[in-house]
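Shown next, in structure tokens, is the structure this report addresses.
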Amino acid sequence: MARQFLLVAFCLLPAIVSAVRQASDPYTVEGRVYCDTCQCGFETTATTYIAGAKVRVECKDRHTTELLHSAEGTTDKSGAFKIYIKEDQGERLCDAVLVSSPQKNCKSADPGRDRSRIVLTSNNGMMSKRRFANALGFVRDQPLAHCAQVLQQYHINDDQF
């Protein structure tokens, strides 16, 4: 009887510990939010990062696009955010999405840089639960005065926009 109990205990204990560890080890989605001060559509040396911007992680059903999970976060003073997702999202489509900017002159989300696809499952060979979203960007209402000099660094002129 004691042997059977030990055998069952040794078989079940790892499964229980594994289940508890997965539940207490959330996914971490990390990224940064910037203000495109030169209206370039990408980060430049004139780019500033936005403190206090709101970002949301949205996970939708792959077939119906119904929103199934959502979590929101706010950027720190360096424009960085971390959003914790408690459970594996499996086959769902997840994106980090811009919600709002506290900067009055940089409130419009940059099309194409307003969301970033992220994978929130462990069924893909990734060992770490840290996930990195591409930088998300808002566009300044009016470009800064020195943007022409900034664009020269990239060998871009106004004719190419």
State which residues pass side-chain contact (heavy atoms from CB on, under 4.5 Å) with Arg113; sequence neighbours excluded, sorted by chain then number. Tyr34, Phe42, Glu43, Asp110, Ala135

Scan for side chain to side chain donor-acceptor pair (under 3.5 Å) pairs involving residues 52-69, sequence neighbours excluded, and state none if there are none. Arg56-Glu58, Arg56-Glu72, Asp61-Thr64

For residues 143-153, pull every pair meeting side chain to side chain donor-acceptor pair (under 3.5 Å), keeping only residues two or more places apart or in separate chains. Thr45-Gln153

side-chain contact (heavy atoms from CB on, under 4.5 Å) involving Asp95 - partner list, sequence neighbours excluded: Val97, Arg115, Arg117

Among residues two or more places apart or on two chains, list those pairs meeting disulfide bond (SG atoms under 2.5 Å apart) that have a residue in residues 108-152. Cys38-Cys147

Under the side chain to side chain donor-acceptor pair (under 3.5 Å) test, residues paired with Arg92 that sit two or more places apart: Gln89

Taking only residues at least two apart or on different chains, which pairs with a member in residues 80-137 satisfy disulfide bond (SG atoms under 2.5 Å apart)? Cys35-Cys106, Cys59-Cys94

With sequence neighbours left out, write down each residue that passes side-chain contact (heavy atoms from CB on, under 4.5 Å) with Lys82, or none if nothing qualifies. Thr28, Glu30, Tyr84

According to disulfide bond (SG atoms under 2.5 Å apart), does anything in residues 115-144 pair up with another residue at least two apart or in another chain? List the pairs. none

Just jot down the side chain to side chain donor-acceptor pair (under 3.5 Å) partners of Ser108, sequence neighbours excluded, or say none. none

Test of understanding: with side-chain contact (heavy atoms from CB on, under 4.5 Å), list the residues that count as partners of Ala80, not counting sequence neighbours. Arg32, Asp76, Ser78

Show which residues join Val99 in its hydrophobic cluster (side-chain heavy-atom contacts under 4.5 Å, direct or indirect), or state none. none

